[in-house]
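Only one structure is covered here, and it is reproduced in the block below.
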Amino acid sequence: MKTNSKGKNKAKVVLDEIGFDEITELTNSDLVSGFGILFISEPLKNADGKIIRGKTKTIIKVNSLIPYPERIRYVVAHELGHYFLHDKLEIHTDNSRTLNWFKVEDQAKRGLQEYEANDFASELLMPENVFRKFIENNSFSPSLIKIISNRFQTSLTSVIYRLITLDVFPLLVVFISDGVVRYWRKSNDLKGWVKDITKLSPPEDSVAKEYIDANYDFIYSGDEKAQEITRSTWFKLYENQEDSEFLEYCIPTKQYKTIISIIWEA
């Protein structure tokens, strides 16, 4: 899917106009109402968020049954993206298909609007300058993802995508749905050729395959979240190239049968 910088650039303009380097200290209600929008948190059927644009007033609704406040925060920012970018959307509903960065096939069916709204949300919640400064001098680890999520009050998925798109660390990120690789993206700084994995099951010796075999239950915790694998698990080896040690960390979601796998050199 061809993308653009429309969402990111608009978020930068919005932050500049309101005079904030970041909006972390604002509540969801204050953030939305500050733009003259009515914010409603209530149970929604088959939806995580919704924007309703009337002639004189716009309403943003968020599903109050979402169990994670960081997820709610990202939904709010995504709906604001639609508000600032897509004025022809009168009534629009978002769910796990449109809000997931890694479901590019679903996003492509709706054109660029979902990508742009996600891109807006990412920059609004994690402004690049603030984000880079916060993580400078850090090494990548599973715990760092949670630390960033708590710092910027946004979802783990959005943090992972922010890391990979900004090329902060040399990583390979793989998204797996229903046991099949749907999407992958590699940092420019991580050298090597990724195996032909799209629309295939993850490698038999990968941690992702372990989670699929375990029916998406959590099987590792604490320091064991990052499991040792080899380069050849996910990468092709050049002629006469020796194998080397890599690490793999997976985030399974049993409800949706998805896995986000992060691979990096040890």
Side-chain angles (χ1 to χ4, degrees), residues 1-104 106-128 130-131 149 152-155 157-159 161-162 165:
M1 181 177 68
K2 189 177 180 180
T3 59
N4 58 47
S5 300
K6 186 178 177 181
K8 175 182 67 177
N9 291 340
K10 185 61 179 180
K12 289 181 178 179
V13 170
V14 170
L15 287 169
D16 185 62
E17 288 178 346
I18 64 177
F20 282 79
D21 292 328
E22 58 176 305
I23 48 87
T24 312
E25 298 302 320
L26 295 176
T27 66
N28 292 329
S29 179
D30 287 344
L31 175 62
V32 173
S33 61
F35 297 115
I37 305 168
L38 180 61
F39 176 71
I40 298 176
S41 176
E42 65 181 16
L44 298 177
K45 187 176 181 180
N46 300 322
D48 288 337
K50 181 179 291 189
I51 182 169
I52 305 169
R53 195 188 301 269
K55 291 182 179 180
T56 59
K57 197 74 175 179
T58 296
I59 300 172
I60 285 179
K61 292 185 177 184
V62 177
N63 188 355
S64 60
L65 300 180
I66 297 174
Y68 307 108
E70 296 86 0
R71 170 73 173 178
I72 291 175
R73 184 74 162 179
Y74 199 81
V75 174
V76 169
H78 180 96
E79 300 308 327
L80 283 173
H82 284 313
Y83 174 76
F84 284 106
L85 296 164
H86 311 126
D87 54 9
K88 293 183 179 180
L89 287 182
E90 295 182 357
I91 300 177
H92 180 77
T93 299
D94 286 294
N95 53 35
S96 62
R97 300 175 72 87
T98 60
L99 288 161
N100 191 324
W101 267 109
F102 302 104
K103 290 193 173 181
V104 292
D106 292 329
Q107 291 188 3
K109 292 175 183 177
R110 294 196 177 202
L112 284 173
Q113 65 185 27
E114 302 306 338
Y115 172 85
E116 291 170 348
N118 272 340
D119 200 33
F120 175 94
S122 184
E123 180 66 32
L124 184 71
L125 296 176
M126 297 172 283
E128 182 174 350
V130 181
F131 186 87
S149 172
F152 292 99
Q153 300 175 29
T154 187
S155 66
T157 302
S158 63
V159 170
Y161 204 89
R162 193 67 165 150
T165 53

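The analysis underlying the following values was restricted to heavy atoms, covering all of them including side chains, and did not include hydrogens, waters or symmetry mates. Note that the numbering runs from 1 along the sequence shown for the chain.
- You'll find the side chain of Gln113 stays beyond 4.5 Å of the side chain of Lys88, heavy atoms only.
- To the nearest 0.5 angstrom, Asp16 atom CG is 9.5 Å from Asp21 atom CG.
- Counting heavy atoms from C-beta on, the side chains of Leu125 and Gln153 never come closer than 4.5 Å.
- Atom CD of Glu42 has more than 12 neighbouring heavy atoms from other residues, nucleotides or ligands inside a 6.0 Å radius.
- Between Tyr74 and Asn118, some side-chain heavy-atom pair lies under the 4.5 Å cut-off.
- For Thr154 against Met126, the heavy-atom pair with the smallest separation is CG2-SD, 3.7 Å.
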Exercise for the section: For the pair Leu31 and Val76, evaluate side chain to side chain contact (heavy atoms under 4.5 Å, CB included) and give the outcome as yes or no after the intermediate values. Expected result: CA-CA 9 Å; Leu31 175 62; Val76 169; 4.3 Å; yes
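- With contacts defined as side-chain heavy-atom distances shorter than 4.5 Å, the pair Leu80/Ile37 qualifies.
- Considering NE2 of His78 and CG of Leu99, their distance stands at 5.0 Å, rounded to 0.5 Å.
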Exercise for the section: Could you walk me through whether Phe120 and Val14 pass the side chain to side chain contact (heavy atoms under 4.5 Å, CB included) test, one step at a time? Expected result: CA-CA 10 Å; Phe120 175 94; Val14 170; 4.1 Å; yes
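- Closest approach of Lys50 and Thr93 over heavy atoms only: CE-OG1, 3.3 Å.
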Exercise for the section: Starting from the C-alpha separation in whole Å, work towards a yes-or-no answer on side chain to side chain contact (heavy atoms under 4.5 Å, CB included) for Thr58 and Ile51. Expected result: CA-CA 7 Å; Thr58 296; Ile51 182 169; 3.9 Å; yes
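- His92 and Glu79 share no side-chain donor-acceptor pair at under 3.5 Å.
- The two residues Leu124 and Ala11 make their nearest non-hydrogen contact at N-CB, 3.8 Å.
- Across all non-hydrogen atoms, the minimal contact from Glu123 to Glu128 is OE2-N, 3.2 Å.
- Counting heavy atoms from C-beta outward, Val75 and Asn63 have side chains that stay 4.5 Å or more apart.
- Summarising the geometry, atom NZ belonging to Lys6 is positioned 5.5 Å from atom NE2 belonging to His86; distances are rounded to the nearest 0.5 Å.
- Between Phe35 and Tyr83, the ring centre distance reaches or exceeds 6.0 Å.
- Judged by distance alone, with hydrogens and angles left aside, the side-chain atoms of Lys57 form a donor-acceptor pair with the main-chain N or O of Gly36 at under 3.5 Å.
- Under the 3.5 Å distance criterion, the side-chain polar atoms of Arg71 are left unmatched by any main-chain donor or acceptor of Ile66.
- Scanning all heavy atoms of the two residues, the minimum distance from Arg73 to Thr24 falls at NH2-O, 3.7 Å.
- Using a 4.5 Å cut-off on side-chain heavy atoms (C-beta onward), Pro127 and Leu15 make contact.
- Scanning all heavy atoms of the two residues, the minimum distance from Ser149 to Glu70 falls at OG-CG, 3.7 Å.
- Side-chain contact between Thr165 and Asp119 is absent, with no heavy atoms from C-beta onward closer than 4.5 Å.
- Residues Glu116 and His82 have side chains that never bring a donor and an acceptor to within less than 3.5 angstrom of each other.
- Remark: the backbone N or O of Asp30 is paired with a side-chain donor or acceptor of Thr27 at under 3.5 angstrom.
- Taking the six-membered ring where tryptophan is involved, the planes of Phe131 and Phe152 are tilted, since the angle between them lies from 30° to 60°.
- For the pair Asp48 (side chain) and Asp94 (backbone), a donor-acceptor distance under 3.5 Å is absent.
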Exercise for the section: Report the C-alpha separation of Ser41 and Ser64 in whole Å, then their side-chain angles, then the decisive distance to 0.1 Å, and conclude whether the side chain to side chain contact (heavy atoms under 4.5 Å, CB included) test is met. Expected result: CA-CA 5 Å; Ser41 176; Ser64 60; 3.3 Å; yes
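- Looking only at side-chain heavy atoms (C-beta outward), Phe39 and Ser33 stay at 4.5 Å or farther from each other.
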